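Contents: one structure, followed by commentary.
Letters go in sequence order (proteins before strands), and every chain restarts at 1. Fair warning: this is a prediction, and the values are worked out from it, not measured in the lab.
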Number of protein chains: 2
Amino acid sequence: MAAPPKKTARKSPKSSVPFLLSQMGAHVSATFGDRIAPLGLKPYHAGVLSVLGSKAGITQQALAGLLGVFPSRLVGLLDDLARLNFIERRASPGNRRSYALHLTKAGHETWARVGEVAAEMQDDLCAALNDKEREVLADLLTRIVAQQQITPGIHPAYRRMGGMCGE
Amino acid sequence: MAAPPKKTARKSPKSSVPFLLSQMGAHVSATFGDRIAPLGLKPYHAGVLSVLGSKAGITQQALAGLLGVFPSRLVGLLDDLARLNFIERRASPGNRRSYALHLTKAGHETWARVGEVAAEMQDDLCAALNDKEREVLADLLTRIVAQQQITPGIHPAYRRMGGMCGE
DNA sequence: TATTGTTATACTCTATAACTATA
DNA sequence: TATAGTTATAGAGTATAACAATA
């Protein structure tokens, strides 16, 4: 529990890494939201598409557990995506209580489009950096994410206070 | 408007810089909120303390303009800070409509404490990086913030849709 | 009785407009 | 008439509990 003696040299608060990260995170999230709005999506929809893209057939309970939100919160969110024909709730074989969640063809295409948006954003965002610096930045951030116990590929905003009790 | 031809090599979406920044930003904001909660503050309170620390005597209108929020939103926020005795609304000399906002002694102390929290967070956050890497990270982020036209020291979350019309 | 998904309720946050008191 | 600050209202988002169907 004792804080390690080693301290980063104190800089102006405006250039502190936490503040810069918080600034950039808010900026990126807002910009991302603006850019996927024409697809009918909000950022949390995109996160669900992302998970379903790699975990086809997952149930709503399992998805809720993975994201760290209450299952009830997922209902409206999946309703939105179903209304847009991006996901399907298929009957689970052998258990009529649960659904197996799948991306539709349109869902896969939209998920790919979201990936393109992210790639465009990366170019805009890193306009001030050269290729080598972009790599360094991605590497440093990836190492921090790993060390901070953040689940790779899952956005921490889902978790905020949510999730079921057992955790 | 034509996008520059130069593109960053396409990586997995989970390691894209925008996604990593959004993840880290949410993580940092949440952690910061947890750590200043014992002071009776939310992150947006801290942002106001920060501005008042360097712009003593500013009016509410001016502060609202600086942060990019509606003046009405500031009212409750400043009420909170006044209730905690961290700020004072002093009479403006020569204009009985407006107040001059000032940090109290307790407000200055709390603002310093918030700075300490940020410094502690920087150490925790950068535990996976050595001193040189921390400097590099701060430098890269600072350059992106500058290039993206984000006002240094002002958190973009205030701006979201807020502000007065003329902008 | 336990579990899956859903609905219902209440609470926070905050954009916006209307208001008051000065100017 | 215009401006500084305030109050009021309404709508979005979401945590939590209660519920219905199935196991």
Side-chain angles (χ1 to χ4, degrees), chain A residues 26 29-30 33 37 40-48 52 57-83 87-102 155-167, chain B residues 26 29-30 33 37 41-45 47-48 52 57-83 87-102 155-167:
Chain A
S29 300
L41 301 178
K42 302 250 182 181
Y44 43 77
H45 294 124
V48 169
L52 293 186
I58 196 176
T59 66
Q60 293 188 200
Q61 296 285 336
L63 178 57
L66 206 59
L67 295 176
V69 300
F70 282 94
S72 60
R73 193 181 152 192
L74 230 44
V75 176
L77 218 156
L78 293 170
D79 285 349
D80 295 339
L81 291 171
R83 204 175 306 120
I87 67 149
E88 280 176 344
R89 284 188 249 232
R90 295 187 197 159
S92 263
N95 188 340
R96 286 197 295 177
R97 283 178 306 184
S98 68
Y99 297 117
L101 299 171
H102 290 270
H155 200 288
Y158 287 112
R159 281 214 126 50
R160 262 305 77 186
M161 201 67 239
M164 46 277 287
C165 337
E167 185 159 346
Chain B
S29 300
L41 301 178
K42 303 249 182 183
Y44 43 77
H45 293 124
V48 169
L52 293 186
I58 195 176
T59 66
Q60 293 189 197
Q61 297 284 337
L63 178 58
L66 206 59
L67 295 176
V69 300
F70 282 94
S72 60
R73 195 182 150 191
L74 231 42
V75 176
L77 219 156
L78 293 171
D79 285 348
D80 295 340
L81 291 171
R83 203 175 305 119
I87 66 150
E88 280 176 344
R89 285 188 251 230
R90 296 189 196 157
S92 264
N95 188 340
R96 286 197 295 177
R97 284 178 304 184
S98 69
Y99 297 117
L101 299 171
H102 289 271
H155 201 289
Y158 288 111
R159 280 214 124 53
R160 262 306 76 187
M161 202 66 239
M164 46 276 288
C165 336
E167 186 160 347

(request) Would you indicate what Ser98(B) reaches in the nucleic acid, counting non-hydrogen atoms under 4.0 angstrom: base, sugar-phosphate, or nothing? (result) sugar-phosphate
(request) Looking at every strand, decide which applies to Thr59(B) at a 4.0 Å heavy-atom threshold: base, sugar-phosphate, or nothing. (result) sugar-phosphate
[atom1] of [X] versus [atom2] of [N]: gap in Å, rounded?
| X | N | atom1 | atom2 | value |
| --- | --- | --- | --- | --- |
| Phe70(B) | dT7(D) | CZ | P | 18 Å |
| Gln61(A) | dA2(C) | CD | P | 16 Å |
| Asp80(A) | dG13(D) | CG | C1' | 12 Å |
| Gln60(A) | dA21(D) | CD | P | 17 Å |
| Arg90(B) | dG5(D) | CZ | P | 15 Å |
| Arg73(B) | dC13(C) | CZ | C1' | 8 Å |
| Leu77(A) | dT14(D) | CG | C1' | 11 Å |
| Tyr158(B) | dA15(C) | OH | C1' | 17 Å |

When rounded to the nearest 0.5 angstrom, what distance separates [atom1] in [X] from [atom2] in [Y]?
| X | Y | atom1 | atom2 | answer |
| --- | --- | --- | --- | --- |
| Leu74(A) | Tyr44(A) | CG | OH | 12.0 Å |
| Leu41(B) | Leu81(B) | CG | CG | 6.5 Å |
| Leu52(B) | Glu88(B) | CG | CD | 11.5 Å |
| Leu78(A) | His45(A) | CG | NE2 | 8.5 Å |
| Asn95(A) | Thr59(A) | CG | OG1 | 9.0 Å |

(message) Quiz question: going by heavy-atom distance under 3.5 Å, is there a donor-acceptor pair between the base of dT14(C) and the side chain of Ser72(B)?
(response) no
(request) For dT12(C), take OP1 and OP2 only and decide whether either is under 4.0 Å from a side-chain N or O of Lys42(B). (result) no
(request) Respond yes when some side-chain nitrogen or oxygen of Arg89(A) is under 4.0 Å from OP1 or OP2 of dT6(C), and no when none is. (result) yes
For [X] versus [Y], what's the shortest heavy-atom pair and its separation?
| X | Y | value |
| --- | --- | --- |
| Ala26(B) | Ala157(A) | CB-N, 4.4 Å |
| Tyr158(B) | Val48(B) | OH-N, 3.6 Å |
| Arg159(B) | Leu67(B) | NH1-O, 3.5 Å |

(request) Please report how far the helix from dT1(C)-dA23(D) to dA23(C)-dT1(D) bends, comparing the axis fitted to its first five pairs with the axis fitted to its last five, to the nearest 10 degrees. (result) 30°
(message) When you measure from the side chain of Ser98(A) to the backbone of Ser92(A), do you find a donor-acceptor pair of N or O atoms at a distance under 3.5 Å?
(response) no
(request) Produce a footprint string for nucleotides 18-23 of chain C: one letter per nucleotide, 5' end first; B if the base is under 4.0 Å from any protein heavy atom, S if only the sugar-phosphate is, - if neither. (result) ----BS
(request) Measure from the side-chain heavy atoms of Tyr44(A) and tell me the nearest of dT14(C), dT6(C), dG13(D). (result) dG13(D)
